[in-house]
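The structure presented is a predicted model; accordingly, all values stated were derived computationally and were not measured. Counting starts at 1 for both ligands and their atoms, following the listed order.
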Amino acid sequence: MTSTHHHHSDGNRHAHASHAEHDHARLAAVLDLDAELMADYLDDAANLIAESLQRSPARIADLGAGTGTGTEALARHFPQARILAVDGSPDMAALVEQRARDGGFGDRVTSVVADLDDGLPPLGAPDVVWAAMSLHHVADPQRLLREAATALGPDGVVVITEMAGVPRFIPARDDAELGGLQERCQTAAAGAGWEALVDWTDAFDDAGYDVLRSETVHVERSDPSQSVARYARHWFAQFRHRLADTLDPTDLALLDVLTDESDLDTLHRLDDLTLAAGRLLWIARPRTTASTAPSTPESEH
Ligand SMILES: C[S@@+](CC[C@H](N)C(=O)[O-])C[C@H]1O[C@@H](n2cnc3c(N)ncnc32)[C@H](O)[C@@H]1O
């Protein structure tokens with residue numbers, strides 16, 4: 001460590017850094033858990049991409065790649081593809097690189113740190129621009145879609161995925177209280193306009209795309225597991241934190257109990273949960289670059 005006389009501010013900086021590291025580690029863990037439980041959706045998405053393209057993509061850009069779970073699924077599904085993984089966080093970029101090395105496809109994956117709010121970095125004319133659960137994070141999604149249309153290679157497609165509502169956790173033992181709580185959380189989350197619960201259909205149209213596929217991919221995990229229980233605790237913590245102004249005090253108190261990892265009764269209560277979740281997926285192609293695009297009166301002027 002370089003020496004400095006500003007001990008006080010230095011200490012603060014370390015406090016901030018470790019807080020950020022903690023947040024980052026937590027986000028990375030949740031993204032990995034999410035992908036572990038949603039693996040089926042990634043397989044389905046890859047199949048839908050191959051169908052829409054009618055070929056295997058040679059180049060893919062993964063925007064907002066996170067820990068690289070999508071990068072990995074696409075790399076495995078399309079063994080010839082080269083993938084550019086873009087994320088604003090250097091920590092995430094490092095995790096993608098490590099995942100690619102560990103998975104034996106490091107030679108096909110390049111990781112780039114770039115803030116998508118500053119415009120797209122050079123993508124190298126990809127066949128597929130993939131953005132999973134990341135478009136709602138950027139400041140101007142319309143602009144990103146318009147830029148992606150220009151960046152795509154011939155006949156390329158943009159694929160966006162988002163959550164189809166919040167996941168539902170279904171207890172095997174009768175637990176009406178848990179069921180009722182989740183109903184109220186679902187309603188409150190939808191009413192609160194969570195940015196992750198978003199429909200991009202109109203945005204694609206406005207940005208000059210034809211939507212080729214608009215799908216809801218359902219994912220069910222019908223075997224209880226530690227992963228499902230952890231995922232449930234993550235979601236209950238989200239509800240507790242983000243719906244604090246909407247839910248009534250009884251529900252908030254119940255969420256406190258359900259997220260208390262030191263409470264053995266709670267741990268037992270969550271150990272029989274199964275999961276029903278879903279992803280929305282859009283595959284779209286820019287109207288102007290489609291070779292079959294009919295000429296319009298405006299384009300003849
Ligand atoms: C919810 S995560 C999704 C990660 C991954 N695509 C997945 O499906 O697991 C969103 C990711 O987008 C990245 N991100 C958010 N805003 C960004 C921006 N403006 N520029 C670049 N990356 C951004 C975050 O760092 C994060 O890794």
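Counted by atom type alone, N47 and H77 present one or more donor-acceptor pairs between their side chains at under 3.5 Å. T201 and D199 are linked by a side-chain donor-acceptor pair at a separation below 3.5 angstrom, with hydrogens and angles left out of the test. Between H268 and D271, the side chains place a donor N or O and an acceptor N or O closer than 3.5 Å (distance only, hydrogens not considered).
Protein residues with a heavy atom closer than 4.0 Å to ligand 1 are L31, G64, A65, G66, T69, D87, G88, M92, A114, D115, L116, D117, A132, M133, S134, H137, listed by chain and number.
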Take D32 and T67 through the test side chain to side chain donor-acceptor pair (under 3.5 Å) and record every step on the way to the result. CA-CA 7 Å; D32 286 354; T67 62; 2.6 Å; yes
For the pair R168 and E183, evaluate salt bridge (charged side-chain N to carboxylate O under 4.0 Å, His left out) and give the outcome as yes or no after the intermediate values. CA-CA 9 Å; R168 283 166 195 267; E183 286 298 327; 3.2 Å; yes
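In this pair, W235 and Y231 present their aromatic rings perpendicular. The plane angle is above 60°, beyond the 30 to 60° band.
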